[in-house]
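Following this message is one structure expressed as structure tokens.
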Amino acid sequence: MTTKRAFVLGHPVSHSRSPMLHGHWLALHAIDGSYETKDVAPDAVSDFISGMRAEGWAGGNVTIPHKLAVMRYCDRIDDAAQQLGAVNTLWFEDGQLVGGNTDWIGLVGNLDEQAPGWDDDARNAVILGAGGAARAAIYGMLKRGLSVQVVNRTVEKARELAGHFGSQVSAHGTDETEVLLADADLLINTTSLGMKGQPPLEIDLSGLKEGAVVYDVIYVPLETALLKQAAAKGHRTVDGLGMLLHQAVDGFEHWFGVRPEVTPELRQLIIDDLVAKGQAG
Ligand code: NAP
């Protein structure tokens with residue numbers, strides 16, 4: 001049997017935690033396989049992708065700055081990657097190279113795990129931010145049948161997303177946040193505010209709907225000031241680490257043929273690494 005190989009393609013890519021995640025699952029399932037970092041400059045991406053079959057790659061992850069560039073070399077792009085405008089996972093299917101995006105699966109899978117039943121009777125999700133993570137959040141919320149209110153400092157970017165995703169998505173400036181929170185079943189922060197080294201997210205949750213779940217996609221620190229404030233008010237909270245873990249599941253299954261599980265041990269492995277690198281906040 002030949003060794004199955006997968007990669008994370010980026011430039012730079014040494015900071016990626018994906019090798020740790022996939023390495024853990026490879027060892028756990030005793031799979032004859034590898035997951036390798038590939039630092040490839042933008043002008044060499046075309047050659048790398050066209051050489052994938054010959055080099056024996058089963059597929060891989062794609063990270064900054066190649067998430068858009070690889071799209072033109074795929075035979076097929078899945079619906080999520082089309083809607084999100086970025087590919088983060090490549091695999092072969094019936095001989096075709098498929099480009100997909102699993103960030104929304106990570107975002108929703110994490111919610112399902114950490115706040116089970118969150119979407120029972122949920123109607124409205126308020127999403128702070130209008131960047132890449134916001135796109136994944138909007139796509140996931142629409143898939144689960146919620147309406148979405150996007151709040152962003154640059155309201156024009158929120159309008160672009162509302163225009164792109166359709167009538168269930170509306171755009172708002174930050175001055176509207178408190179009014180929107182009164183009817184929110186879910187609040188998701190997808191801005192970089194509150195991340196270690198970034199300015200704080202200033203938000204008053206006193207008017208947030210009772211029972212609302214509060215989710216921060218940031219995981220450095222694990223418990224952000226937003227989550228602390230929400231927990232103190234009795235809301236269920238969800239941190240961003242699980243999003244990173246859950247987004248990796250589908251790729252692993254595509255490349256190695258086993259569907260891995262996100263376990264407390266895996267979560268602890270990454271937390272230990274964050275602590276060791278002084279990034280735990
Ligand atoms: P992005 O595309 O650069 O978007 C950043 C967003 O933050 C924009 O909406 C931006 O608003 C807002 N923002 C930044 N600085 C701000 C400030 N000073 N005041 C108000 N708003 C500000 O970034 P992204 O890729 O979406 O990532 C956003 C965060 O999500 C990062 O912290 C990232 O680490 C995290 N993330 C986590 C995961 C995970 O697996 N847990 C996955 C992806 C991303 P403007 O439009 O007004 O600039």
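All ligand and atom numbering here is 1-based and tracks the order in the structure.
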Can you list, by chain and residue number, every protein residue with a non-hydrogen atom closer than 4.0 Å to ligand 1?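 Ligand 1 is contacted, at a heavy-atom distance under 4.0 Å, by G129, A130, G131, G132, A133, N152, R153, T154, K157, T190, T191, S192, L193, M195, V217, I218, Y219, G240, M243, L244.
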
Check: N101/Y139 side-chain N/O donor and acceptor closer than 3.5 Å: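 No pair is found: no donor N or O on one side chain lies under 3.5 Å from an acceptor on the other.
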
Please confirm whether Y35 and F256 have ring centers closer than 6.0 angstrom.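 No, the ring of Y35 stays outside the 6.0 Å limit from the ring of F256, centre to centre.
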
State the CD-OG1 distance between Q198 and T224, to the nearest 0.5 angstrom.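 Rounded to the nearest 0.5 Å, the CD-OG1 separation comes out at 13.5 Å.
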
Pairing donors with acceptors under 3.5 angstrom, does anything connect the side chains of N88 and D103?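 Distance-only check passes for N88 and D103.
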
Given D185, D120, D112, the one that forms salt bridge (Lys or Arg N to Asp or Glu O under 4.0 Å) with R144: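 Single salt bridge (Lys or Arg N to Asp or Glu O under 4.0 Å) partner of R144 among D185, D120, D112: D112.
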
Treating Ile, Leu, Val, Met, Phe, Trp and Tyr as nodes and any side-chain heavy-atom pair under 4.5 angstrom as an edge, say whether L193 and V155 lie in one connected cluster.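 No, L193 and V155 fall in different hydrophobic clusters.
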
